[in-house]
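In what follows, chains carry the letters A, B, and so on, assigned in the order in which the sequence lines appear, proteins first and then strands, with residues in each chain numbered from 1.
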There are 2 protein chains.
Amino acid sequence: MDLRKLKYFKVVADEKHIGRAAKILHISQPPLTRQIHQLEEELEVKLFNRTPKGMDLTDAGILFREEVNNIFGLIEQATERTQKAGQGRLGRLDIAIFGSGIMGDIPKILLAFKERYPEVNVVLHTMGKGEQINALRQKRISLGFNRLLAPLPDIDSELVAIEELVLAINTNHPMASLPAIPFTKISDIPLILFPASNRPNFIDKTIRLCQLAGFTPNISQEVGDAVTSIALVASGFGACLIPKSASVLTIPGVVYKSLIEAPDETEVDLSCIFRKEDTSPLLRAFLDIVIEYRTANEKLTDDPESNFF
Amino acid sequence: MDLRKLKYFKVVADEKHIGRAAKILHISQPPLTRQIHQLEEELEVKLFNRTPKGMDLTDAGILFREEVNNIFGLIEQATERTQKAGQGRLGRLDIAIFGSGIMGDIPKILLAFKERYPEVNVVLHTMGKGEQINALRQKRISLGFNRLLAPLPDIDSELVAIEELVLAINTNHPMASLPAIPFTKISDIPLILFPASNRPNFIDKTIRLCQLAGFTPNISQEVGDAVTSIALVASGFGACLIPKSASVLTIPGVVYKSLIEAPDETEVDLSCIFRKEDTSPLLRAFLDIVIEYRTANEKLTDDPESNFF
DNA sequence: CTTCTTAATACCTTAAAGGTATTAAGAAGC
DNA sequence: GCTTCTTAATACCTTTAAGGTATTAAGAAG
């Protein structure tokens with residue numbers, strides 16, 4: 001079987017005339033006659049009745065014409081879909097996020113991506129940092145969002161955003177009435193820190209910031225995630241430092257306060273990680289969106305609302 | 001696009017190795033390499049990542065593989081279905097029957113055909129003789145069942161069965177108590193005749209039979225169809241001659257009586273008609289069944305039950 | 001019966017698929 | 001770090017089959 005023969009058959013079936021069909025196909029009549037004969041021979045079916053006025057489709061020929069149209073339709077679809085997939089506009093992208101990543105920049109990026117590539121199926125997985133790296137290496141995911149990443153030989157990363165840190169503090173605390181809190185005042189407050197695993201982590205970061213500011217933090221508790229941490233603030237265990245985007249979580253008993261007179265690094269990065277050798281157009285398309293997002297956001301750092309979802 | 005390339009792609013995608021794939025395809029490695037390159041060029045998509053260990057499908061390649069499998073499936077299906085159609089085992093056959101043709105031989109033939117060719121869609125149309133011939137010429141039907149056919153230049157016919165005629169008579173008539181009625185006694189009874197159109201018809205036949213028996217029939221009424229005719233017999237308008245197969249119609253007030261001492265031709269044919277030049281395998285397959293049916297039935301003419309449905 | 005049309009046949013030309021030999025490039029082993 | 005193995009890619013020739021020209025065969029129209 002040969003698509004050339006099918007194409008020829010289609011034209012002959014339409015024209016009911018070998019000569020005219022040959023003209024349309026820009027070939028001469030005898031080869032076309034031969035191709036049609038070969039097709040009939042191969043199928044072992046007479047597709048046309050030859051009349052002195054031209055060619056007339058048999059019942060089998062009528063059926064075959066429909067089938068041939070289906071075949072060409074499917075081939076066209078295959079071509080288009082494959083091309084789309086090659087451009088990263090069709091397929092599946094597995095992305096890992098961390099627990100509190102459902103707030104802030106990540107949903108905005110996901111929305112932007114889905115808008116531009118509506119035929120890409122984005123599947124989200126919630127994973128910690130270590131899990132993400134394992135999953136990347138096993139190709140279970142193509143990309144992970146995370147913070148405070150240490151460089152790895154096979155994993156590349158791309159910065160998404162840098163977020164200011166704010167202090168979550170109990171509403172009954174004397175400083176809760178201040179418009180903003182000087183960083184050094186943190187030394188007086190018991191701190192709740194998270195997460196307790198996957199170094200370098202947010203705990204290390206907090207401790208280092210305090211040292212830069214000239215004091216040792218008063219650690220009250222170490223917990224696993226941001227939400228638990230804020231819940232403990234509400235219960236009066238102490239205060240905690242969180243990225244500003246997490247402050248959309250409003251809980252009775254907790255207020256978020258900006259920090260003033262803070263060390264330069266009183267901020268935390270949000271990055272995405274991916275296999276260095278991964279050249280899939282889907283991933284690259286996603287990274288393009290990430291870079292676009294960051295570039296657009298850097299121009300808006302003055303506007304405090306821009307970091308909020 | 002070219003099915004050869006698709007076939008090659010499939011094997012390379014399975015083997016993930018040009019050399020092994022070439023071996024399976026019984027060609028050497030370089031032409032296969034070239035074909036794959038041409039395919040990628042044509043699609044403008046990279047289908048494989050080349051590694052020192054072989055070929056690895058890209059995401060687009062994975063998608064394309066599925067599509068290619070669909071294409072080959074469809075081609076296979078097209079081939080099979082077209083071959084079936086060519087052998088008359090698939091398609092649609094439009095057949096005309098006359099009003100009382102739903103009894104007797106016709107349903108048996110239709111059942112036999114449907115059993116042997118279950119994928120043929122048989123569409124029945126109820127038509128009179130003239131209509132059938134028009135419909136045949138306009139190719140709206142491929143075959144018609146009818147009786148008493150005059151030869152036509154473009155229409156062939158095939159005999160299905162010859163049926164004995166029986167007399168339908170009112171239960172109150174004095175002769176209704178006889179086991180069988182001598183043909184000449186019909187001269188005393190008013191006759192209901194049908195149909196009133198499309199000569200040569202059953203009316204002509206009845207009149208001729210009476211003349212052969214040496215009398216002129218006493219015509220009471222001419223009606224359009226057998227069922228009306230029998231209904232009139234029940235109402236006491238007179239008697240009528242009908243083919244034996246129609247005597248399955250039992251109506252209160254009507255009994256069917258065999259005729260004795262009747263002319264040789266006291267019988268009527270059931271035939272099917274079709275376009276002389278129609279060579280469609282579907283029609284020919286149907287005619288084969290008809291001839292088989294008739295042959296089988298001719299051997300059983302002694303058994304009166306064999307003519308009943 | 002001739003003339004027109006149609007598809008089919010015979011024979012040659014050309015384009016493209018296939019083959020052989022070789023090269024380039026990366027991985028594995030010493 | 002070099003050689004050796006593997007792989008796919010390239011260069012060039014051969015063969016197959018598709019396409020072209022000329023002609024024929026067969027049926028319809030006049």
Check for me whether the distance between the ring centres of Phe64(A) and Phe48(A) falls short of 6.0 Å. no
Quick one: Arg50(B) CZ to dT23(C) C1', roughly how many Å, whole number? 17 Å
Between dA16(C) (C1') and Glu42(B) (CD): distance, integer Å: 14 Å
State whether the side chain of Gln83(A) and the backbone N or O of Leu43(B) hold a donor-acceptor pair below 3.5 Å, judged by distance alone. yes
What nucleotide, of dG19(D), dA8(D), dG20(D), holds the atom closest to the side chain of Tyr8(A)? dG19(D)
dA18(D), dG20(D), dA17(C): which one has an atom nearest the side-chain heavy atoms of Gln35(A)? dA18(D)
Nucleotide dA11(D), atom C1' - distance to NE2 of His37(B) in whole Å: 15 Å
Is a donor-acceptor contact shorter than 3.5 angstrom present between the side chain of Gln29(B) and the base of dA9(D)? yes
Strand partner of dT22(C), provided both Watson-Crick or wobble distances fall under 3.5 Å: dA9(D)
Just to confirm, is there a sub-4.0 Å distance from OP1 or OP2 of dA17(D) to any side-chain nitrogen or oxygen of Gln38(A)? no
From the options dG19(D), dA18(D), dA11(D), select the nucleotide whose nearest atom is closest to the side chain of Pro30(B). dA11(D)
Please tell me if the side chains of Leu270(A) and Ile106(A) come closer than 4.5 Å, counting only heavy atoms from C-beta onward. yes
Rounded to the Å, how far apart are Arg4(B) CZ and dA17(D) C1'? 9 Å
Nearest-Å distance for atom pair NE2/C1', residues His17(B) and dA9(D): 14 Å
Assign Pro31(A) to base, sugar-phosphate, or nothing according to its heavy-atom contacts below 4.0 angstrom with the strands shown. base
Give a yes-or-no answer on whether the side chains of Gln29(B) and Thr33(B) include a donor-acceptor pair shorter than 3.5 Å. yes
With a 4.5 Å cut-off on side-chain heavy atoms, are Leu25(B) and Lys7(B) touching? yes
Provide the Watson-Crick or G-U wobble partner of dA28(D), both distances under 3.5 Å; none if there is no partner. dT3(C)
From NZ of Lys53(A) over to C1' of dC4(C), roughly how many Å is that when rounded to an integer? 14 Å
Just checking Arg34(B): base, sugar-phosphate only, or nothing, at a heavy-atom cut-off of under 4.0 Å? base
In the strands shown, is dT16(D) matched to any nucleotide by a Watson-Crick or G-U wobble pair with both distances under 3.5 Å, and which? dA15(C)
Residue Ile18(A), side-chain heavy atoms: nucleotide from dA18(D), dA7(C), dA17(C) that is nearest: dA7(C)
Figure out the CG/C1' separation between Asp56(A) and dT5(C), and round it to whole Å. 17 Å
Given dG18(C), dA8(C), dT6(C), identify the nucleotide with an atom nearest to the side chain of Ile27(B). dG18(C)
Indicate, with a heavy-atom threshold strictly under 4.0 Å, whether Phe48(B) touches base, sugar-phosphate, or nothing. nothing
Please report, rounded to the nearest Å, how far the C1' atom of dG18(C) is from the CG atom of Leu32(B). 11 Å
Less than 4.5 Å apart, side chain to side chain, heavy atoms only: is that true for Gln132(B) and Ile273(B)? yes
